[in-house]
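We name chains A, B, ... by the order of the sequence lines, and we start the count at 1 in each one.
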Protein chains: 2
Amino acid sequence: MTPVTAAERSDAARNRERLLLAARELIEQGGAAALTMDRLAEQAGVGKGTVFRRFGSRAGLMLTLLNDSEAAFQARFLFGPPPLGPGAPPLDRLIAFGAERIAYVLEFGDLVLAAGDASRGRFEVPAAALWNRHVEMLLREGGVDSPEPWLMAGSLNATLDPERLLHLIREHGVTRERLAASWRELVTRLVISAEATR
Amino acid sequence: MTPVTAAERSDAARNRERLLLAARELIEQGGAAALTMDRLAEQAGVGKGTVFRRFGSRAGLMLTLLNDSEAAFQARFLFGPPPLGPGAPPLDRLIAFGAERIAYVLEFGDLVLAAGDASRGRFEVPAAALWNRHVEMLLREGGVDSPEPWLMAGSLNATLDPERLLHLIREHGVTRERLAASWRELVTRLVISAEATR
DNA sequence: GGAGTAAACGGACCGTAGTCCGCTTATATT
DNA sequence: AATATAAGCGGACTACGGTCCGTTTACTCC
């Protein structure tokens, strides 16, 4: 039986495994900065062209490396237990969403940063569209009836920009808790404003 | 009389003029993308090392090129006529501030983008600290008593991130007016929330 | 098994930002 | 005017991300 999508050639599959393994090794040793495309190719015993054929760009590679944890994060806010997942009041879910994003950025810092370096900008990340829709939905449920909910949600998400968060943490010593509290204040005020004008 | 700060050597001054002139020429011809450090050095008839000695980095050069217009912008919101400058209600000034920033980013698009590429991140831009303080002040005057006004102001400014704005405009066809309206809605809701909890 | 073919491969190559260091020159001092 | 010196200069050099294209190889069909 011929597969609908052409099957991956065996050498391609083998090289993908090698590359992913080598990438994780390099990062474990020297952080994301130590992962250059040349070194990766060498470490994996593969030509440089192969690396780019596989992942498109350095940012694409980082995205692939983050894929699992990103999927897990998405599953948690889409289907997981409250307050992050469904079942809790929208404001609580919004607050939890921000706190979890901050924790996520903190955990994978450099990787997330490097993943955002795609030439077409860090707003092309497919996941970003999902976060936007999620925040948009929670805002609407929270009574924040915006004429342009998509833009409003985008504004809120811009607030969680990894570069900004990491800059505040690393250069200004701001703690994760303070960032989460600031996010909480922001979204709470929005919901309050919706209640006030009802 | 010896100047307090060592005077600039005459050849250095001459080269600075040459470089700035050449930079504006290159940008006029082919946009910011056409300004590479090698080309700039060649066009100005100086060595590459001189370019970097003068401006530190490509981002530093862009910052220098933007210096005048940035100073003008600052003067307008600090001392200019209302509603941007002092004299108008804080909410009106906030709204105007966002609208003007958006217009600014739109006008100098690529330059602003390139200026944010500094290795140490686009939050080191000295001007950013000023915008933050300004927004912080307007929030306080508007009754938004935040436990961490600095972070709250930073969040709002993150919303005006040039990369985000330009992405929305260029890739999604969002107009300046819609962006300004979204900003207006955001800050208005914050002020409303302050009034509601008074 | 052999031939045909499209996918995958590899590494030389390019353009870029940024560094380094031996040389040059403007300026201050006498 | 001669000298000293530190600021300035230039361009070869490096590291990096990304592209290109001639060559190799896994799979398919007979």
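For dG8(D), neither phosphate oxygen OP1 nor OP2 lies less than 4.0 angstrom from any side-chain nitrogen or oxygen of N15(B). Residue T50(B) places at least one side-chain N or O under 4.0 Å from the OP1 or OP2 atom of dG10(D). Phosphate contact (OP1/OP2 of dC20(C), side-chain N/O of R53(B), threshold under 4.0 Å): absent. Contact between the side-chain N/O atoms of S57(A) and the OP1/OP2 oxygens of dG17(D) is not found at any separation under 4.0 Å.
Projected onto DNA chain C by closest heavy-atom contact, L35(B) and R54(A) fall at different nucleotides, the more 5' of which corresponds to R54(A). If you find the closest nucleotide of DNA chain D to T36(A) and to K48(B), the one lying nearer the 5' end belongs to K48(B). For the pair V46(B) and D11(A), nearest-nucleotide mapping onto DNA chain D gives the more 5' position to V46(B).
Going from atom CZ of F52(A) over to atom C1' of dC13(C) covers 13 Å, rounded to whole Å. The distance from atom CG of L40(B) to atom P of dT16(C) is 13 Å, rounded to the nearest whole Å. Atom CE of M62(A) is separated from atom P of dC16(D) by 12 Å (rounded to the nearest Å). To the nearest angstrom, P of dA15(D) lies 10 Å from CG of D38(A). In this structure, CZ of R58(A) is placed 15 Å from P of dT19(D), rounded to the nearest angstrom. If you take CZ of F55(A) and P of dG17(D), they are 14 Å apart, rounded to a whole angstrom. One atom, CD of E42(A), and another, P of dA12(C), lie 13 Å apart when rounded to the nearest Å. Distance R18(A) CZ to dA8(C) C1': 14 Å, rounded to the nearest Å.
Taking the six-membered ring where the residue is Trp, F73(A) and F77(A) present perpendicular rings, their angle passing 60° and hence far from 30°. Under the 30°/60° scheme for interplanar angles, the aromatic rings of H172(A) and H167(A) are found to stand perpendicular.
The residue R14(B) sits apart from the nucleic acid: no heavy atom pair falls under 4.0 Å. No engagement by R16(B) is indicated, since no non-hydrogen atom pair under 4.0 Å with the nucleic acid exists. Residue R9(A) is classed as a base contact, given a heavy-atom separation below 4.0 Å to a base.
A side-chain N or O of S155(A) and one of R164(B) form a donor-acceptor pair less than 3.5 Å apart. Side-chain contact annotation: Q74(A) with E70(A), donor-acceptor N/O pair under 3.5 Å present.
In this structure, the side chains of E28(A) and R24(A) stay at 4.5 Å or more apart for every pair of heavy atoms.
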